[in-house]
K.L.:
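Below is the structure I would like to discuss, written out as structure tokens.
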Amino acid sequence: MEYVVEMLNIRKEFPGIVANDNITLNLKKGEIHALLGENGAGKSTLMGILFGMNQPDSGTIRMYGKDVRISNPNVANELGIGMVHQHFKLVHNFTITENIILGVEPKSGLAVDIKSAANRIAKLSEKYGLNVDPYAKIEDVSVGMQQRVEILKMLYRNAEVLIFDEPTAVLTPQEIQDLIKIMKNLVSEGKSIILITHKLKEIKAAASRCTVIRRGKLIGTVDVAATTEAKMAEMMVGREVSFKVDKKEKEPGEVILKVENLSVQNSRKVLGLKNFSLEVRAGEILGVAGVEGNGQSELVEAITGLRHAESGKIFLRDEEITTKPVRARINAGIAHIPEDRQKRGLVLDYTVEDNMVIEIYDRPPFSKNGLLNREAIRKYSEEIMKNFDVRAGKGAESMARSLSGGNQQKAIVGREVELNPEVLIAVQPTRGLDVGSIEYIHKRLVEQRDSGKAVLLVSLELDEILNLSDRIAIINNGELIGIVNAADTDENEVGLMMAGVRKGESA
Amino acid sequence: MKLPIIKGIKKETAVSLLAVVFGLVAGALFMLMTGNNPFAGYAFLFQGGLMSIERIGNTLATSTPLILTGLSIAFAFKTGMFNVGAAGQMLFGGFCATAVGLTLNLPKPLLLTLMLIAAILGGALWAWVPGFLKARFNVHEVVSTIMMNWISYWVVYYTVPAYFKGEFLETESRKISDHASLKVAWLSDLFGGSYINLGILLAVIAVIVISFILDKTVMGYELKSVGFNRFAAEYAGVSVNRSIILSMMISGALAGLGGAALYVGNASNIQIGILPSQGMDGIAVSLLGANSPLGVLGAAIFFGLLYSGKGFMNAMTNIPPEIADTIIATIIYFAATSVMIEKFIDRIIRRKRGE
Ligand SMILES: Nc1ncnc2c1ncn2[C@@H]1O[C@H](COP(=O)(O)OP(=O)(O)OP(=O)(O)O)[C@@H](O)[C@H]1O
Ligand SMILES: [Mg+2]
């Protein structure tokens with residue numbers, strides 16, 4: 001057969017869980033092959049095995065029909081396998097060229113020959129339409145560009161098989177379009193791609209075949225063109241999934257969170273949020289729509305106390321909290337699902353249960369007289385894990401690091417919802433989640449609203465904003481462009497406003 | 001990378017034990033190379049540290065300051081700080097204890113209590129400075145703790161001759177009275193006249209208290225969360241700056257206590273112009289002990305054994321005493337490159353699984 005890679009009967013166990021149970025995946029030359037599965041189904045584990053980061057307990061891997069043993073990522077590189085990890089591995093104060101040649105520096109005499117490397121990178125970039133400036137520094141370029149640097153890193157090492165682990169989770173809709181185009185260029189040049197994503201739309205747009213796994217087991221490989229999104233979702237979750245959110249009409253109550261003329265500096269010490277005002281009422285979900293990096297982070301961090309406000313005021317009910325420390329705000333009733341689950345959301349080297357009480361360990365019953373009450377912590381965590389279907393090999397005692405990306409996210413969402421806050425600030429709450437989990441999390445957010453809480457939803461996904469919000473605030477370049485009722489608007493109007501066009505301004 | 005835990009025995013323990021084995025094997029090779037019989041060498045080395053109840057006492061006494069500096073550094077590590085200033089904190093803590101001991105004339109229990117408090121406060125103060133500089137101005141603690149080492153060196157250098165000059169020598173303080181010494185008759189008698197002293201009890205108590213703080217208390221939970229991920233701690237509302245300062249002060253207090261164990265326990269006066277070697281050795285102890293309090297206890301006693309046995313080995317054979325230092329250095333090397341050892345263990349496990 002014309003298979004480039006055959007992974008046959010792969011099995012991998014972790015303490016308490018079989019992550020891969022007899023999985024077979026065959027990759028044809030020149031195809032984009034999607035790998036679909038619930039959170040914790042074992043996708044990253046399987047790809048980790050192909051890239052030599054994990055060793056399988058049993059099973060064989062073949063390349064071009066020959067058995068291979070991939071004992072570490074260097075071997076994978078030599079075999080022409082490259083991988084873009086979900087969390088990029090780039091050196092921020094290096095240039096793009098320096099990052100790409102790290103470890104395989106071309107020499108002229110004793111010196112590193114940056115120039116010829118940069119030329120080669122420019123050529124590769126042109127060939128595949130990547131549009132990368134070899135001399136730019138990583139810290140100055142967008143996330144989408146960083147991802148293209150990771151792609152170039154693989155191409156520079158002559159990779160033939162490219163693995164993408166949830167590449168689109170961090171991208172804006174436009175960047176996703178671009179990435180799909182790039183991937184198509186790559187396969188038309190003879191490369192083969194394995195793509196992990198939870199977004200069925202992307203699978204439809206990009207892939208030719210799709211392998212579905214559930215709880216470590218192979219469900220099957222299907223032809224994408226001949227299979228509906230709903231069918232794929234069902235294969236993956238094992239039941240039918242509804243993509244629409246059930247939401248009843250509801251009259252919002254009093255103002256819970258009020259932001260008045262708020263200005264906040266970003267990390268580059270210029271105003272990232274300018275004179276911004278906003279009200280969130282009890283019993284409503286207010287969505288904040290905008291292209292990434294237009295002031296959403298500054299807004300959220302100022303409200304939660306992680307960043308100080310240059311001017312303006314923030315009120316929780318009638319109390320001003322503008323200068324209160326983070327913990328006081330949490331205690332006053334602000335919960336926050338952070339944008340970056342690994343940087344802020346979790347202490348990866350703590351167990352799940354320690355993470356579940358990270359804001360409330362100092363309250364009874366979790367501690368008394370300065371001593372932790374392990375039993376109470378355990379019980380509370382197991383409750384959250386049950387309610388939010390957080391799956392982990394050793395339950396509440398598992399290290400947060402060992403959880404799959406989506407399960408980490410569910411744990412955080414569960415923790416914050418369980419705080420039973422006055423205001424829930426949810427930033428990209430479903431990033432990296434499978435469709436079943438998204439459905440569930442959306443339901444819980446709407447439940448918060450229905451029980452009379454205020455929800456501030458920040459998301460880059462327009463669908464999510466439109467589906468969940470009662471009102472939508474559109475932010476562009478740090479300024480409030482306008483607020484519209486979700487019922488009276490559509491994708492086009494919001495999209496235009498996101499680009500900075502004020503309502504009624506255009507013809 | 002992700003580490004699965006070996007069933008039964010923790011991987012860290014296995015790594016440390018292997019580092020010790022490699023170190024001992026390397027030491028044996030050195031002995032062979034210098035034309036000596038390694039079996040005889042090791043026999044004398046261990047006899048030197050363990051042969052009699054008195055020698056055991058001396059071994060424990062040698063270990064005492066190492067336990068405390070190792071604990072100091074391990075505690076800092078666990079809470080995200082690299083304290084390279086244990087030497088200075090120890091010296092200053094020991095100096096404070098000595099100064100109190102030489103100045104006040106009180107009944108022994110009261111005097112010792114005051115001296116220990118002085119040592120703890122002195123060490124804590126010396127570590128507070130780098131903690132504050134880091135919290136307030138983001139000065140890296142490695143730089144500032146090293147700086148503090150030299151400040152403590154010169155403070156002692158000028159203060160001791162000026163106020164506590166010895167009877168014969170300019171370069172050391174007067175001897176403290178029996179009243180002001182951690183040595184007590186019942187303990188020395190129990191160990192056949194060894195110079196073991198109350199320091200060892202303090203060290204063991206410190207090990208218990210620190211592991212209790214780290215595992216069971218709200219404070220330990222907070223400090224460790226800052227150490228593991230200060231962004232997440234900040235997000236959850238833990239006061240990161242307060243934690244940094246507190247963690248340095250506790251670390252410094254432990255080193256200060258180590259200073260008391262050294263200067264008013266094992267010794268009875270303080271010398272000028274020298275930073276105690278236990279400050280840096282503590283880094284090795286905490287490395288080998290995988291930063292856990294119990295691990296530190298074991299590692300410190302092992303190092304103490306090598307140090308206290310090397311004299312006897314030297315007396316009985318032609319093996320140079322530096323061999324003991326070489327073994328220690330090799331062990332440190334292997335403990336530091338534990339990643340390699342981990343890979344090695346991984347491979348053995350996989351073999352066993354029949355792959
Ligand atoms: N190093 C590890 N130690 C213990 N368990 C692990 C480890 N790595 C993964 N697991 C477990 O194996 C299972 C599969 O994880 P994996 O990361 O492959 O999931 P995934 O399909 O990539 O999920 P997601 O879509 O959420 O990223 C999970 O239950 C996870 O907790
Ligand atoms: Mg994954």
Side-chain angles (χ1 to χ4, degrees), chain A residues 13-15 45 48 53-58 69 71-73 301 304-307 324-331 334 336 338-350 354-355 357-363 366-374 377 393-394 399-402 412 415, chain B residues 1-8 10-12 77-80 209 211-243 246 250 290-292 339-340 342-355:
Chain A
E13 248 180 82
F14 288 116
T45 304
M53 295 189 304
N54 289 324
Q55 294 305 310
D57 299 333
S58 66
R69 200 169 154 262
S71 51
N72 62 56
E301 291 188 353
T304 51
L306 290 165
R307 200 179 273 272
K324 290 227 159 131
V326 176
R327 182 59 62 79
R329 300 185 201 209
I330 293 171
N331 291 341
I334 294 185
H336 171 201
E339 178 178 6
D340 188 331
R341 58 176 169 246
Q342 301 214 332
K343 181 181 170 198
R344 286 225 189 260
L346 292 169
V347 177
L348 290 174
D349 293 310
Y350 266 179
D354 279 353
N355 272 292
V357 293
I358 194 146
E359 294 122 332
I360 49 171
Y361 56 83
D362 56 351
R363 294 185 200 165
F366 308 114
S367 65
K368 220 173 110 187
N369 304 326
L371 298 186
L372 296 171
N373 179 349
R374 286 270 150 221
I377 295 175
K394 289 190 293 180
M399 281 290 158
R401 187 183 293 286
S402 78
I412 295 172
R415 177 181 74 200
Chain B
M1 207 130 296
K2 299 163 180 175
L3 319 169
I5 306 281
I6 308 172
K7 278 184 195 102
K10 279 260 213 57
K11 181 120 119 200
E12 283 112 41
F77 259 134
K78 276 244 156 161
T79 53
V209 169
S211 63
F212 183 80
I213 289 180
L214 283 174
D215 293 342
K216 302 258 191 286
T217 67
V218 167
M219 177 167 87
Y221 176 98
E222 281 186 343
L223 293 178
K224 277 189 299 180
S225 75
V226 174
F228 284 138
N229 182 350
R230 64 181 288 182
F231 298 106
E234 193 183 19
Y235 152 87
V238 176
S239 165
V240 171
N241 287 342
R242 187 177 144 264
S243 286
L246 187 61
I250 293 177
N291 296 331
S292 92
V339 183
M340 268 164 41
E342 259 164 42
K343 283 228 168 103
F344 181 73
I345 294 179
D346 273 348
R347 194 145 62 198
I348 291 176
I349 298 173
R350 238 178 286 128
R351 281 262 170 74
K352 257 191 132 167
R353 284 219 203 114
E355 202 182 284

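Keep in mind it's a predicted model, so treat the numbers as computed, not measured. Only heavy atoms go into these numbers, but all of them, side chains included; no hydrogens, no water, no symmetry mates. Every chain is numbered from 1 and lettered A, B, ... according to where its sequence line falls, protein lines coming before strand lines.
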K.L.:
Name the option with the most non-hydrogen atom pairs under 4.5 Å to chain B; the candidates are T304(A), D362(A), D349(A).
P.N.:
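Top option by heavy-atom pairs under 4.5 Å: D349(A).
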
K.L.:
Return the CG to CD1 distance between L371(A) and I213(B), rounded to the nearest 0.5 Å.
P.N.:
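Nearest 0.5 Å value for the CG-CD1 distance: 10.5 Å.
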
K.L.:
To the nearest 0.5 Å, what is the distance between CG (N373(A)) and NZ (K216(B))?
P.N.:
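Taking CG in N373(A) and NZ in K216(B), the distance rounds to 11.5 Å.
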
K.L.:
For N331(A), is it the side chain, the backbone, both or neither that has a heavy atom under 4.5 Å from a heavy atom of chain B?
P.N.:
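The answer is neither part of N331(A).
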
K.L.:
What are the two closest non-hydrogen atoms of K224(B) and Y350(A), and how far apart are they?
P.N.:
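So the two residues come closest at CB-OH, 3.0 Å.
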
K.L.:
Considering non-hydrogen atoms only, spot the tightest contact between Y235(B) and E359(A) and give its length.
P.N.:
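Reported closest heavy-atom pair: OH-OE2, 3.5 Å.
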
K.L.:
Between V218(B) and L372(A), is the side chain to side chain contact (heavy atoms under 4.5 Å, CB included) condition met? List the steps.
P.N.:
CA-CA 6 Å; V218(B) 167; L372(A) 296 171; 3.9 Å; yes

K.L.:
Could you grab the distance from atom CG of D354(A) to atom CZ of F228(B), nearest 0.5 Å is fine?
P.N.:
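Here the interatomic distance stands at 9.5 Å.
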
K.L.:
Side chain, backbone, both or neither: which part of I330(A) has an atom under 4.5 Å from a heavy atom of chain B?
P.N.:
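Side chain only.
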
K.L.:
Could you tell me if the side chain of Y221(B) sits less than 4.5 Å from the side chain of V357(A), heavy atoms only?
P.N.:
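The answer is yes; the side chains approach within 4.5 Å.
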
K.L.:
Tell me, for R341(A) versus chain B, whether the close heavy atoms (under 4.5 Å) come from the side chain, the backbone, both or neither.
P.N.:
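R341(A) has no heavy atom closer than 4.5 Å to chain B.
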
K.L.:
Looking at R363(A), I'd like to know if its CZ atom is crowded, meaning that more than 12 non-hydrogen atoms belonging to other residues, nucleotides or ligands lie closer than 6.0 Å.
P.N.:
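Counting other residues, nucleotides and ligands, CZ of R363(A) exceeds 12 neighbours.
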
K.L.:
Find the distance between CG (N229(B)) and CG (N355(A)) and round it off to the nearest 0.5 Å.
P.N.:
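With rounding to 0.5 Å, CG (N229(B)) is 9.0 Å from CG (N355(A)).
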
K.L.:
Is there side-chain contact between V238(B) and Y361(A), with heavy atoms separated by less than 4.5 Å?
P.N.:
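V238(B) reaches Y361(A) side chain to side chain.
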
K.L.:
Which one, R327(A), H336(A), R374(A), E301(A), leads in non-hydrogen pairs under 4.5 Å with chain B?
P.N.:
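Heavy-atom pair counts peak at R327(A).
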
K.L.:
Please find the pair of heavy atoms, one from A232(B) and one from V347(A), that lie closest to each other, and give the distance.
P.N.:
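Heavy atoms of A232(B) and V347(A) come nearest at CB-CG2, 3.9 Å.
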
